[in-house]
Amino acid sequence: MPMAPVTASLPEHVEETAPAKINLALHVTGQRSDGYHLLDSLVTFAVDGDELTFVAAEADSLTLSGRFGPVLALDPAGQDGNLVLRARDVLREALDETGQAYGPVAITLDKTLPVASGIGGGSADAAATLRGLMRLWQAELADTTLQELALKLGADVPMCLQSRPLRVRGIGETLEPVAMPSFPIVLVNPMRAVSTPEIFRRLARRDNPAMGALPGGDSADIWLTGLADLRNDLQPPAEALVPEIAEACDYLRQSLARFVRMSGSGATCFGLYESEPAALRAALALSSFRPDWYVLLTHTIAGEPA
Ligand code: C5P
C-alpha cells in the first residue's frame with residue numbers, strides 16, 4: 001500500500017494577545033540628532049490586551065472588532081490597523097530575503113485597548129503580528145533580526161515583542177530583563193487621545209537624570225516603595241494638555257493605590273495595589289464615579305532576570 005506523503009503540518013489558526021504596556025517610569029535623558037528622544041524606562045505588561053487571530057486564507061484581509069474596533073475602522077489606513085499590516089509586510093520582506101515561504105492571511109484584531117493611549121496599543125499589535133505570523137508560517141529568523149524588524153515599526157515595538165518586565169534604554173532598542181513581582185493594577189483612561197510627538201515636543205527639559213539602581217527582588221513592598229523615587233518626565237506636559245490626567249491620578253490616589261503614574265505619553269494612568277481585593281474595590285469605585293472613562297482591572301506579568 002502506498003504511503004501517504006510526509007508533509008509538514010502548518011497551523012491554520014494562531015492566536016496572540018497584545019498585552020498592554022505599562023511604563024512604571026519613563027525618564028527622558030537626551031535627544032538624538034534625528035529628533036528621537038533617549039529614554040531610561042522601566043516597563044511591565046498586563047496579562048490583558050488586544051487579541052489577534054491569524055488564519056491561513058485565500059486572500060489577505062484585516063477585520064477589526066472589539067470596543068475600540070470602530071475607532072480604527074473610521075480610519076482603517078491609520079494608526080494601529082496600519083501597524084498590523086506594516087508588521088505583516090516587513091516580515092514578508094525578511095522571509096523573501098531568506099527564501100522562506102508564506103501565504104495569504106486573514107487577520108482579526110479585537111481592539112479592546114483604547115487607541116493612542118500610552119499603553120502600547122498599535123506597538124503591541126504590531127509585535128503580536130510578528131509573533132503570530134512567525135508561528136503561522138513556521139518561519140525561522142534570528143532573535144536579533146526580529147528585534148530589528150520590530151524597531152523599524154516603532155520605538156516601542158521591540159519591548160512589546162518581549163512583553164515582560166524590562167529596563168529600556170536608547171530610543172527603545174536596548175532591553176534588559178528585570179526580575180519583578182506581579183502587581184494588581186487598575187488602568188484608567190479619560191478617553192482623550194494623546195499625540196506622542198506632541199507631548200515630546202512640549203517637554204521643558206530633555207536632559208533629565210537617568211533612573212539609578214532599581215529596587216530588585218520579589219518583594220512587592222520593596223518595589224512599591226522604591227518606585228516612588230522614579231518619574232514619568234512626559235507626565236507634566238501631558239497634564240498641561242489634558243487636565244483629566246491629573247484628575248484620573250487623584251481618583252487613583254484616593255482609591256488607596258500604593259503607586260500612581262501616567263503610562264507613556266498618556267493619557268492612561270494606573271494604580272498599583274497591595275492586594276487583588278483593594279484593586280477590585282478601586283476599579284468598582286472608579287467605574288461608578290466616571291462611567292464614561294475606560295477602567296481596566298488586571299494584573300501585571302512577573303519578570304525573571306535574563
Ligand atoms: O517610534 P514611534 O513611531 O512609536 O514614535 C512616535 C513618535 O514619538 C516619534 O515620531 C517621535 O516623535 C516620538 N518619539 C521620540 N522618542 C522616542 C520614541 C518616540 O521622540 N524614544
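None of these values were measured; they are calculated from a predicted model. Whatever order the structure lists ligands and atoms in, that order sets their numbers, starting from 1.
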Q: Could you give me the CA-CA distance, side-chain angles and deciding distance for Phe183 and Trp223, then say whether ring pair (Phe, Tyr, Trp, His ring centres under 6.0 Å) is met?
A: CA-CA 10 Å; Phe183 300 104; Trp223 270 98; 7.0 Å; no
(Q) Under 4.0 Å between a side-chain nitrogen and a carboxylate oxygen: does that hold for Asp250 and Arg253? (A) yes
Q. Considering only heavy atoms of Leu39, which atoms of ligand 1 have at least one such atom less than 4.0 Å away?
A. 21 (N)
Q: For Arg290 and Ala248, indicate whether the former's side chain and the latter's backbone hold a donor-acceptor pair under 3.5 Å.
A: no
Q | Close-contact set for ligand 1 against Pro197 heavy atoms, below 4.0 Å | A | 7 (C), 12 (O)
Q | Interfacing atoms of ligand 1 (cut-off 4.0 Å, heavy-atom, Ala155) | A | 1 (O), 2 (P), 4 (O), 18 (C)
**Q.** NZ/NE/NH1/NH2 to OD/OE distance under 4.0 Å, Lys111 and Glu51
**A.** no
Q) Would Asp156 count as a contact of ligand 1 if the rule is a heavy atom under 4.0 Å away? A) no
Q: If you have a sec, work out which protein heavy atom is nearest atom 16 (N) of ligand 1 and how many Å separate them, to one decimal?
A: His37 N, 2.9 Å
Q) So, are Arg164 and Glu304 salt-bridged, with charged N and O less than 4.0 Å apart? A) no
**Q.** Top protein contact for atom 8 (O) of ligand 1, by heavy-atom distance
**A.** Thr196 CG2, 3.4 Å
Q. Taking only heavy atoms of Gly154, which atoms of ligand 1 are found under 4.0 Å from at least one of them?
A. 1 (O)
Q | N-O pairing of Asp60 and Arg92 below 4.0 Å | A | yes
Q. Short N/O distance, under 3.5 Å, between Ser123 and ligand 1?
A. no
**Q.** Sidechain N-carboxylate O distance under 4.0 Å for Arg205, Asp233
**A.** no
Q | salt bridge (Lys or Arg N to Asp or Glu O under 4.0 Å) evaluation trace for Glu148 with Lys152 | A | CA-CA 6 Å; Glu148 279 162 19; Lys152 261 200 216 174; over 6 Å; no
(Q) To check your reading of the model: name the closest protein heavy atom to atom 13 (C) of ligand 1, its residue, and the distance in Å. (A) Phe200 CD1, 3.6 Å
Q: Would you mind checking which non-hydrogen protein atom is closest to atom 9 (C) of ligand 1, with the distance to 0.1 Å?
A: Tyr36 OH, 3.7 Å
Q) What atoms of ligand 1 come closer than 4.0 angstrom to any heavy atom of Ile171? A) 21 (N)
